[in-house]
Structure formats: structure tokens, C-alpha cells
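A short worksheet on the structure shown next.
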2 protein chains.
Amino acid sequence: MDKYYTITELTREFGVSTRTLRFYEDEGLIHPERRGRTRLFRAADRHLIKEILRGRRIGFTISEIREIIQVYKDPPGEMGQLQLLMRKVGEKRDELRQKRRDIDETLAELDNVEEACLTRLAEIGVGT
Amino acid sequence: MDKYYTITELTREFGVSTRTLRFYEDEGLIHPERRGRTRLFRAADRHLIKEILRGRRIGFTISEIREIIQVYKDPPGEMGQLQLLMRKVGEKRDELRQKRRDIDETLAELDNVEEACLTRLAEIGVGT
DNA sequence: AAAAAAATTGACTTTCACGTAAAAGTTAAT
DNA sequence: ATTAACTTTTACGTGAAAGTCAATTTTTTT
């Protein structure tokens, strides 16, 4: 009988709106079951939602996320498609590595900003 | 006499459109000089554009980028503002760290996808 | 069974980050 | 001087990813 989740349980867990989850269904990213018209989310859906939100956080578009998800469900059977996919994977990898460098640089910059703040605070603190 | 750059030089260097750079000016991120109505970009602008694009790559909004830039030009003089800023810096830091985790996980996933592809390719390759 | 709470669909709206087109002015090269 | 290439402003358009609102079901609670 496998536990299932209601839509609002999941919206609370993940901090998204119901609209968002329905949107993801419309976009073909998840396929919750139905009891009548009401959606029943299973563990698999829940897991997918996690992946979707992770993809979202790092800036993937819906269709990019859809593509990645599809590969698991059904890796392309045709040669050309496979090669295309692999090329894309390579590109994504490069992109993500660049992003990680960007993040590291920005983290360093935030350290500077913070230090500037502390200095400023000290200046002000002394004067009062 | 300090070298300056035309707008198209920079669009070519950074792979963005003129519209984008003008938009950044409208948004108050850069302030190129003018000779008549024509924009003259200096090294400082060029550097800022680099930062803006880096921020963009990791998903910062224009106003977030603007905030960061402002701190350099003019760190807030008022106590409350400073504390607010430092709180924000802390939040950004957390956000970026989360993003880095997301990226690492996704990179691992890409490895899986690639392996699935290779396996599939081998299967197909044998049959032909 | 009646009332209250939750879920559904559908349509319209919003925000962000530019794109695009038009019309006109500017500069550089021939 | 003319052409070509570039640049400017103004203003409307666009796509992605939801948000919002309204009008129904459906489900749950009393």
C-alpha cells in the first residue's frame, strides 16, 4: 500500500507552490497517479521533484531537466541520438565546471565584502 | 590617454549583444563615458562587465549584482545597513555553497548518464 | 448530511533579461 | 562625398517559470 503524498505535503516539504508542481506535471517532468482527479504522489515523484529543484537551483531550464530525466527512463536507442546526447553531456560538464569556478571566485569576493563591512563597523563603533 | 573600448569590441570579447550592455547601463551597473552620444568603455567598465557576467552565470539577478557592486563603490555608512548587508552576505554564502553541492551531485549524475550511453553504444556496436 | 478544508482546472498576469525593429545620427575608409 | 559600418534612442515583443484569481469539484471533519 506504499505511502503516498498529497500535493500540499510536498509543497511544504520543498517550499514550492501547488502551481509549481502542477506546472512540472504539465511539462511532463512528473506523472503522479490519480484517485479521481486528485493527484497522488509516490516516493518516485518525490525523488524526481528533488532532482528537478536541484536542477533549477543551478540554472537548468525545464527542458534541460526533462532531457536528463528522460535518459534514465529511456536512453536513446539510435546511434546519432546517443552521440548527440554525449556531446551535450560534455558541454554541460564544462558549463558546470565553469560555474563552480565562478562560485569559488564569488565566495572569495564575499569574504572581501564582509571584511570591508567589519572594518567599517569598527570605524563606526569607535566613534560612538 | 588610457585605452578605451567601443561597445562592439566588448560585445565580441564577451559574446553578448549591444542591447545587453546598454541594458546594464540602464540598470545602473556600468557608467561608460560619452563622446557625444557614443559610449566609451574604459578598463574599469570592462572589468565590471566581467563581474556582471560571472554573477549572471551563477544565477544572480541584476539587482543582486547591483548590490554587490555598490558595496565596493560605497560601503554603507549606517550601522543598520551594514548589519543588513552582512546578513545578506551570509545568506549568499550559504546559497552558493548549496549550489556547489548541487553542481557536484549533478556532475556525478552526468558521469552516470555518460556511462549509460557508452554501455548502450557498445550494445549497438556489437550488433552491427 | 452539512460545513469546512483542500484540490482541480483554466485563464490571465507578472517578472526577468534581454530581443527586435525602426528611424536617425556618427565615424572611418575609399 | 559617398558608402559602409557602427551607434544611438524609443518602444514594443518574447520566452521561461511560475503567480494569481475564480469557479468548481473532492475530500475530510464534525
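Chain A is the first sequence line, chain B the second, and so forth, proteins listed ahead of strands; every chain is numbered from 1. As the structure is a computational prediction, the values presented were derived from the model and not from experiment.
Nucleotides of DNA chain D nearest to B:Ile7 and A:Phe60 differ in position, and the one nearer the 5' end is that of B:Ile7. Place A:Arg37 and B:Thr61 on DNA chain C by their nearest nucleotides, and A:Arg37 ends up nearer the 5' end.
Remark: C1' of D:dT25 and CZ of A:Arg34 are 13 Å apart, rounded to the nearest angstrom. Rounded to whole Å, the distance from OH on A:Tyr5 to P on D:dT27 is 21 Å. Distance, A:Asp26 CG to D:dA18 P: 12 Å, rounded to whole Å. Computed from coordinates, the B:Leu53 CG to C:dA17 P distance equals 13 Å when rounded to whole Å. Taking atom CD of B:Glu33 as the reference point, atom C1' of D:dT7 lies 17 Å away to the nearest angstrom. Taking atom CD1 of residue B:Ile30 and atom P of nucleotide C:dA17, one finds them 15 Å apart after rounding to whole Å. The distance from atom CD of A:Glu25 to atom P of C:dA7 is 14 Å, rounded to the nearest whole Å. Here the P atom of nucleotide D:dA16 and the CZ atom of A:Arg66 are 10 Å apart, to the nearest Å.
B:Arg12 and B:Thr8 share no side-chain donor-acceptor pair at under 3.5 Å.
Applying the salt bridge (charged side-chain N to carboxylate O under 4.0 Å, His left out) rule to pairs touching residues 47-60 of chain A yields A:Arg54-B:Glu105, A:Arg54-B:Glu109, A:Arg57-B:Asp102, sequence neighbours excluded.
Relative to the side chain of B:Arg22, the nucleotides D:dT7, D:dT26, D:dC6 differ in distance, and D:dT7 lies closest.
Within 4.0 Å of B:Arg12, counting heavy atoms only, lie sugar-phosphate atoms of the nucleic acid but no base atom.
Side-chain atoms of A:Phe41 and A:Thr6, non-hydrogen and from C-beta on, never get closer than 4.5 Å to each other.
Under the 4.0 Å criterion applied to side-chain N and carboxylate O atoms, B:Glu91 and B:Lys88 are not assigned as salt-bridge partners. Note on A:Glu25 versus A:Arg19: no salt bridge recorded, every NZ/NE/NH1/NH2 to OD/OE distance being 4.0 Å or above.
The phosphate of C:dT9 (OP1 or OP2) has a side-chain N or O of A:Arg39 nearer than 4.0 angstrom. Within the 4.0 Å cut-off from OP1 or OP2 of D:dC6, not a single side-chain nitrogen or oxygen of B:Arg35 is found. In this structure, B:Thr38 does not reach the C:dT27 phosphate: none of its side-chain N or O atoms is under 4.0 Å from OP1 or OP2. In this model, the phosphate group of D:dA17 is not approached by any side-chain N or O of A:Arg57 to a distance below 4.0 Å at OP1 or OP2.
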Query raised in the report: Under the salt bridge (Lys or Arg N to Asp or Glu O under 4.0 Å) criterion, do B:Arg39 and B:Asp45 qualify, and how do the steps go?
Result: CA-CA 11 Å; B:Arg39 292 165 179 80; B:Asp45 300 306; over 6 Å; no
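Note on A:Leu107 and A:Leu118: separate hydrophobic clusters, where clusters join Ile, Leu, Val, Met, Phe, Trp and Tyr whose side-chain heavy atoms are under 4.5 Å apart, directly or indirectly.
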Please tabulate the protein-to-nucleotide N/O contacts below 3.5 Å involving nucleotides 18-23 of chain C, giving atom names and distances.
| from | atom 1 | to | atom 2 | distance (Å) |
| --- | --- | --- | --- | --- |
| C:dC18 | OP1 | B:Arg56 | NH1 | 2.6 |
| C:dC18 | OP2 | B:Tyr24 | OH | 2.7 |
| C:dG19 | OP2 | B:Ser17 | OG | 2.5 |
| C:dG19 | OP2 | B:Thr20 | OG1 | 3.4 |
| C:dG19 | N7 | B:Arg19 | NE | 3.3 |
| C:dG19 | O6 | B:Arg19 | NH2 | 3.3 |
| C:dT20 | O4 | B:Arg19 | NE | 3.1 |

